[in-house]
Amino acid sequence: MEQRHLGRTGLRVSRIGLGTLTWGRDTDEHDAADLLKTFWEAGGTLVDTADVYGDGEAEYLLGRLIEGLVPRRDLIISTKAGSVPDPDIRVDCSRGHLLSALDDSLARLGTDYVDIWQIHSWDPRTPLEETLQALDLAVSSGRVRYAGVSNFCGWQLAKAGTWQLAAPGTRTRLAATQLEYSLLQRGIEREVLPAALDLGIGLLPSSPLGRGVLTGKYRNSTPADSRGASEHLAPFVAPYLDDTASRIVDAVTTAADGLAVTPLQVALAWVRDRPGVAAPIVGARNSQQLTAALSVEALSLPDEICRALDDVSVPVHRYPDHDWSTL
């Protein structure tokens, strides 16, 4: 698998990443082992997790697998901290919580460092400089190699990235930002993506297949074994089952038919090769699904197909995103 630099850093990652959102909950140890082995054998390196996935079980499971299945040195492990189970707070990016959470993640993963550590979400209650200082301390201690953020909007990413660049050699520059990005969700193109490109921050798109909808599996009905039929994941899929999404899925399917490939491959290739993207994160349910996603490695979409998909999925960008004189 082709490797790419993560933003403006020397870190190289596989251009498809493996997500672990369902590990330890819907994905058991046997299936997780199959997924990790399939990914590794295909040349994949970037594995994305978080301290709250499966209430910590995803990290624990990944740690068990890298102990006996895949060499730690062959993987780029990315995890996150800051989300908390308290429904009244939900986010705690204080320095104390973040550093404690990092120690807990390392213990579950069974490693003394993570390659990428991301702040999971913006915390309006904690001063940003306190949150970012936790990244600096984590990197300077050797427990973290590269730092990033997740789910920051445009002004938040620009503020955090600029703060870190203001004291080179002292503060750790942001290497990555992770947000949802697909043909069904192009909102980050308004401000987040321009900020990331300007600051040299690599984008790690989550849900690059539109929460599974872009595979075409929901065109006629909801498969019984799909996430859309799952009691706790159905609300996650539902927003992308409207008429607008249906038109985009139809266009993806038409493109796939013309290229003699699958809708999954078309949708994943589109987001993989967008400007600023380092590696889409794929959350497959089993090794068969993952193999299908990894087969996109051999596909590059023709320019005319990209333009057609851009047109059918274009988000509405008006003032102030566009020059006011064109309004």
Would you call [X] and [Y] a salt bridge, using N to O less than 4.0 angstrom?
| X | Y | value |
| --- | --- | --- |
| Asp273 | Arg4 | yes |
| Arg25 | Asp55 | no |
| Asp92 | Arg125 | no |
| Asp136 | Arg95 | no |
| Arg219 | Asp250 | yes |

Heavy-atom neighbours of Glu129 CD exceed 12 at 6.0 Å: yes
Evaluate whether atom CZ of Arg72 has more than 12 neighbouring non-hydrogen atoms of other residues, nucleotides or ligands under 6.0 angstrom away. yes
With a 3.5 Å distance limit and no angle check, can you tell me whether [X] reaches the backbone of [Y] through a side-chain donor-acceptor pair?
| X | Y | value |
| --- | --- | --- |
| Arg145 | Tyr113 | no |
| Ser150 | Gln118 | no |
| Arg247 | Val312 | no |
| Ser121 | Asn151 | no |
| Ser14 | Leu46 | yes |
| Ser141 | Ala138 | yes |
| Asp48 | Gly19 | no |
| Gln185 | Leu183 | no |
| Thr162 | Lys159 | no |
| Arg15 | Glu297 | yes |

Distance in Å, [X] [atom1] paired with [Y] [atom2], rounded so as to fall on 0.5 Å steps:
| X | Y | atom1 | atom2 | answer |
| --- | --- | --- | --- | --- |
| Leu264 | Ser295 | CG | OG | 7.0 Å |
| Arg173 | Arg8 | CZ | CZ | 5.5 Å |
| Asp31 | Leu290 | CG | CG | 11.5 Å |
| Arg186 | Ile248 | CZ | CD1 | 8.5 Å |
| Ser206 | Gln178 | OG | CD | 5.5 Å |

Are any non-hydrogen side-chain atoms of [X] and [Y] less than 4.5 angstrom apart?
| X | Y | result |
| --- | --- | --- |
| Pro280 | Ile16 | yes |
| Ser94 | Glu130 | yes |
| Val192 | Tyr181 | no |
| Leu137 | Leu99 | yes |

Applying the side chain to side chain contact (heavy atoms under 4.5 Å, CB included) criterion to Trp117, which one of Leu106, Thr172, Leu98 satisfies it? Leu98
Is Leu174 reachable from Leu179 through a run of I, L, V, M, F, W or Y residues, each pair having side-chain heavy atoms under 4.5 Å apart? yes
